[in-house]
Amino acid sequence: MDSALATTDPADLHAGQEHGHVSLPQHRHHFETVEQQREAGSFGMWLFLLTEIMFFGGMFLAYLLYRNWYYPAFVVASNQLSVRIGTINTMVLITSGFCMAIGVWAAEVRRRSLLVAMLVTTTLLGVLFLSLKYGEYHEKYELHHIPGNNFNISMFTNPAGYGIKEAPLPPDMAQKTQVFFFLYFAMTGMHALHMIIGLGILCWLISRARRGDFSAGYVAPVENFALYWHFIDVVWLFLYPLLYLINRHPMH
Amino acid sequence: MTDQATHAHLNDPEHAQHRIVTPLQYFFVYIIMLALTGLTCAAAFVDLKWANAVIAVGIACTQATIGALFFMHAAFQSRLIKLTIGAGVFVFLVMVTMTMSDYMSRSWGMW
Amino acid sequence: MSTAIGNTIVSLPDQSTAQLPKRHYINNEYGLLSWLLTEDHKRIALLYLFSVTFFFFIGGAFAGLIRLELLTPQPDLVAADTYNKFFTMHGLIMIFLFLVPSIPGVLGNFLIPLMIGAKDLAFPKLNLLSWYVYMAGGTLTLAALVLGGVDTGWTFTTPLSTHYLNTHVITAAMAIFITGFSSILTGINFIVTIHRMRCPGMTWFRMPLFLWSHYAASLLMVLGTPVLATTLVLVALERLFGIGIFDPAKGGDPLLFQHLFWFYSHPAVYIMILPGMGVVSEVISTFSRKRIFGYTAVAFSSVAIALFGFFVWEHHMFIMGVSSYSALVFSLLTMLVAVPSAIKIFNWAFTLQKGSITFETPMLYCFGFMGLFTIGGLTGVFLGSLGMDIHLTETYFVVAHFHFVMVGGGLMAFLAGIHFWWPKMTGRMYPETISKLAAVTTFIGFNLTFLPQFVLGYLGLPRRYAAYPPEFQVLNVLSTAGATVLGFGYMLPLLYLAWSLKYGAIAGSNPWQATGLEWQIASPPPTENFTEIPIMDHEVYDYEWLANKTKKEVTTVG
Ligand SMILES: [Cu+2]
């Protein structure tokens, strides 16, 4: 669906200003001007991001509720996530967003090779993020911290036995760490899914950018995709403190 | 026709003139974002009681705003686009506050 | 002047000389692929028309089975759990595959570009995609049905849906998840189109009210539907992996599911009813030959309904153990939503006052709408008040209430709109006498079906049971008899509208002498809608403008 929005081809302003009514290949007949087409495309993209806010919103609401109910479990469970990987991943995502922004600039000033380079860097950083994320997931899998029937709470009832400096949780509260881990997997998983979709679109954009499709004044697909990519970054900017940094100072 | 269009846009809440942000500006934004990430991470390791959560969410909101305004060009968009973003945030907040109003008033004082 | 207008306008044009245009959007291209791959909003509207009609009759068949089972107090037609599957399927299909997409998908798609003077919606490919997504969701729903059904009720209530049932909950949840995306895409498309594609002179306050109401409904689709999507994903995950988000045994909260579900599903009622209100505004203005009284109030009341719609969902949860303080607030806000709806009803009534009213079929359906929706809305106020709700909720009173709103309101408006714009969509008139008969039959059948259910509910008969105490049989038999009449009333349009495709009188471009831009072009419209982009140089619902225009045409052409 994202690709559908990105492909609905609004055209570029410069082209419109410079060429007036000359019909461009990307100009679709039902729009009066390319300007109108471009504005329609970006407005549509923003509306789509609006639905994404609400889509993630439901999970943020669940997080807020359960964090208040099961604060001790959330703290201990959150402390089992690696701050280092989380912070690195945040920086990776911000950098990829920066590259994407430069990519949009490159398209607007019509520098093809810079655009391709930036899109490729964005993609690589996205892949790096996902591989780090995979490493984190894998560790949780080995520790039986994936919610479900195999979930194991012994690390939270007996942290000393695992060499963890946390106060042991009573069994019923330890059970609630499962809620944290579910939210962790649901939210980061949804986020990762959006990234995977984004990477797919990026590959398509790269192949088109190499042909020079976006360096002749027609930047709308790059621009709209950038909105999507930045939005995913913004979601992560909330996930990072909420999931990794609940309470990193010793509590007791 | 182009001239007319440009003039009409100046006061029109539904349209905005297109603006290109320079790489240097992007770079400043990028540095600020990284700095804020470092700050939020560092703040989490200091015991500030309830203020920890407020700072974390506050910094995240700041980052999101900066990201939306500059990386996503919302600052240079029409009022319509700004209103659209505002509507999303507003409805999300309605969902959160109205739901939490139920949970919080169910057990006064236990929150 | 006024008499002149009276004469010119009330006498409808002579249709005996009307001709079909040589080329229009239907005969522009031939072959199945020209329909399946079309990007023309008018053709996509017809695709929607066929598919929502198909699903309507499937959902209707389940309604028939439910009523048949309830003819006798014992569960003798089907077993109780089969009965549960019947009403679940009835609800899912009617709500998500009929009421939500019906008016926007068919009439909205067809009319929005025509009414604002555009060549198409802003994103034609997205529009086609939304139909395919809808069909995918519909197919998956039918798959859930064929594989053995699902018996959660359309509300997917946890923990029933997550822990206690062995039916195809995940298939059904995914079907609704997918269907939701269709409505998101439609909503995005409408909002962008209304903002970006209006023809010169078409200011916001020159837009027909149909557009205002679709705009408001689209806002709800865009902002509400994603929450339902999240919720259904969580239900599916809970069922698949037992992750505990809604499971009290693991620390989850079933009430959180209710909050999330109703956060969408209350606004969903307005997604179903707001477009219908737009239809009613157009029809009432046309057949009263008057500008809608209080145009601005009606326009803003649509937006107000959309806005307030997000503040009231907890009224579905009053007996579920929510906080009494918050219930108080939600109850108050629920009462407030009645205000913008009442504004509409009153303004329509004032439009009728001193209008040159005629009673064509769409107008009859609209009168049906006004009466039935008012009853539905007022009983909603009963249910919104905290004390009454404890007695009435989960009884047949609720069933009757929302059928008055959604069937008496939404479906009546859909039929009004289909009849009203049928000449525009097909170029041919429907047969007037038999269609009036159908409208009256529907109205009588509807009341016979659902008025007894108010009584049943007030007497305490709970909903969703296959069996009931014998003393309730008389009212149930009445209701089933009414359902038979109602079913007959719905079959009639299917038959005579199909008949009219070939044998109906040729309509001409503006058979009702309506003022909308869509009526100023040929029927059926050409593929590109307008040969040149129109300029809206008059106010909306300006019947004097139309009279002058018609006079001029007569002198120049004649
Ligand atoms: Cu409701």
Side-chain angles (χ1 to χ4, degrees), chain A residues 12-14 16-18 20-21 33 35 38-39 42-43 46-47 49-54 56-58 60-61 64-65 67-69 83 86-87 90-91 94-95 97-98 100-102 104-106 108-109 223 226-227 230-231 233-235 237-238 240-242 244-251, chain B residues 1-2 5-6 9 14-18 20-23 25-27 29-31 33-34 36-38 40-41 43-48 52-53 55-57 59-61 63-65 67-68 70-74 77-78 80-81 84-85 87-89 91-93 95-96 99-100 103-104 111:
Chain A
D12 176 47
L13 175 77
H14 311 298
Q17 279 182 341
E18 284 162 21
H21 274 107
T33 60
E35 166 73 7
R38 178 190 179 124
E39 285 194 327
S42 82
F43 185 34
W46 276 106
L47 283 172
L49 298 184
L50 205 61
T51 69
E52 292 280 23
I53 293 181
M54 296 312 293
F56 281 99
F60 277 104
L61 172 60
L64 178 64
L65 176 68
R67 173 177 160 147
N68 274 301
W69 277 4
V83 187
T87 314
T90 311
M91 306 253 178
I94 294 177
T95 313
F98 172 66
M100 192 65 226
I102 298 290
V104 174
W105 176 78
E108 270 168 344
V109 297
E223 204 177 28
L227 287 180
H230 292 310
F231 177 81
D233 291 2
V234 167
V235 171
L237 290 174
F238 282 96
Y240 165 64
L242 292 182
Y244 288 80
L245 303 175
I246 295 181
N247 189 337
R248 283 290 169 176
H249 41 276
M251 235 181 133
Chain B
M1 118 108 234
T2 318
T6 330
H9 286 180
E14 290 202 20
H15 304 273
Q17 274 182 298
H18 189 64
I20 297 178
V21 186
T22 62
Q25 287 166 314
Y26 281 134
F27 189 71
V29 175
Y30 172 58
I31 295 298
M33 296 283 262
L34 287 185
L36 285 174
T37 307
T40 196
C41 184
F45 285 90
V46 187
D47 190 357
L48 299 168
N52 277 109
I55 290 174
V57 174
I59 292 180
C61 288
Q63 282 182 313
T65 314
F70 300 106
F71 278 167
M72 298 170 87
H73 299 173
Q77 296 280 7
S78 59
L80 173 65
I81 302 285
T84 306
I85 306 167
V89 176
V91 175
F92 169 66
L93 289 179
M95 180 168 78
V96 171
T99 306
M100 292 319 270
Y103 283 105
M104 294 173 76
W111 282 78

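In what follows, chains are A, B, ... by sequence order, proteins preceding strands, each numbered from 1.
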Check each atom of B:Thr40 against the heavy atoms of chain A and say whether the ones under 4.5 Å are side chain, backbone, both or neither. both
Among A:Ile53, A:Thr95, A:Val234, A:Ile246, single out the residue with the greatest number of heavy-atom pairs under 4.5 Å to chain B. A:Thr95
Which portion of B:Phe27 sits near chain A, non-hydrogen atoms under 4.5 angstrom: both
Which bit of A:Leu50 is near chain B, if near means a heavy-atom gap under 4.5 Å: side chain, backbone, both or neither? side chain
For A:Thr87, what residues pass the side-chain hydrogen bond (donor to acceptor under 3.5 Å, both in side chains) criterion, not counting sequence neighbours? A:Tyr240
CD-CD1 distance between A:Glu39 and B:Ile81, expressed to the nearest 0.5 angstrom: 8.0 Å
Would you please test A:Met100 and B:Phe71 for side chain to side chain contact (heavy atoms under 4.5 Å, CB included) and show each step? CA-CA 9 Å; A:Met100 192 65 226; B:Phe71 278 167; over 6 Å; no
Apply side chain to side chain contact (heavy atoms under 4.5 Å, CB included) to the pair B:Val57 and A:Leu242, showing each step before the final yes or no. CA-CA 8 Å; B:Val57 174; A:Leu242 292 182; 4.1 Å; yes
Rounded distance [0.5 Å steps], CE in B:Met100 versus CG in A:Leu64: 4.0 Å
Roughly how far, to the nearest 0.5 Å, is the CZ atom of A:Phe231 from the CD1 atom of B:Ile85? 10.5 Å
Would you call the rings of A:Trp69 and B:Tyr103 parallel, tilted or perpendicular, where under 30° means parallel and over 60° means perpendicular? perpendicular
For B:Phe92, the ring pair (Phe, Tyr, Trp, His ring centres under 6.0 Å) test, sequence neighbours excluded, returns none
Non-hydrogen atoms of A:Arg67 and B:Ala53 that approach each other most closely: NH2-CB, 3.5 Å
From B:His73 NE2 over to A:Ser42 OG, what is the distance, rounded to the nearest 0.5 angstrom? 11.0 Å
Give, for atom OG1 of B:Thr37 and atom CD1 of A:Ile94, the distance between the pair rounded to the nearest 0.5 Å. 3.0 Å
Which bit of B:Val91 is near chain A, if near means a heavy-atom gap under 4.5 Å: side chain, backbone, both or neither? both
The reported gap from CD in B:Gln63 to OG1 in A:Thr90 (rounded to nearest 0.5 angstrom) is 8.0 Å
Check whether any side-chain heavy atom of A:Asp233 lies under 4.5 Å from a side-chain heavy atom of B:Met33, and answer yes or no. no
Contact leader toward chain A among B:Ala44, B:Gly88, B:Ala43, where contacts are heavy-atom pairs under 4.5 Å: B:Ala44
Please classify the contact between A:Phe60 and chain B as side chain, backbone, both or neither, with a heavy-atom cut-off of under 4.5 Å. side chain
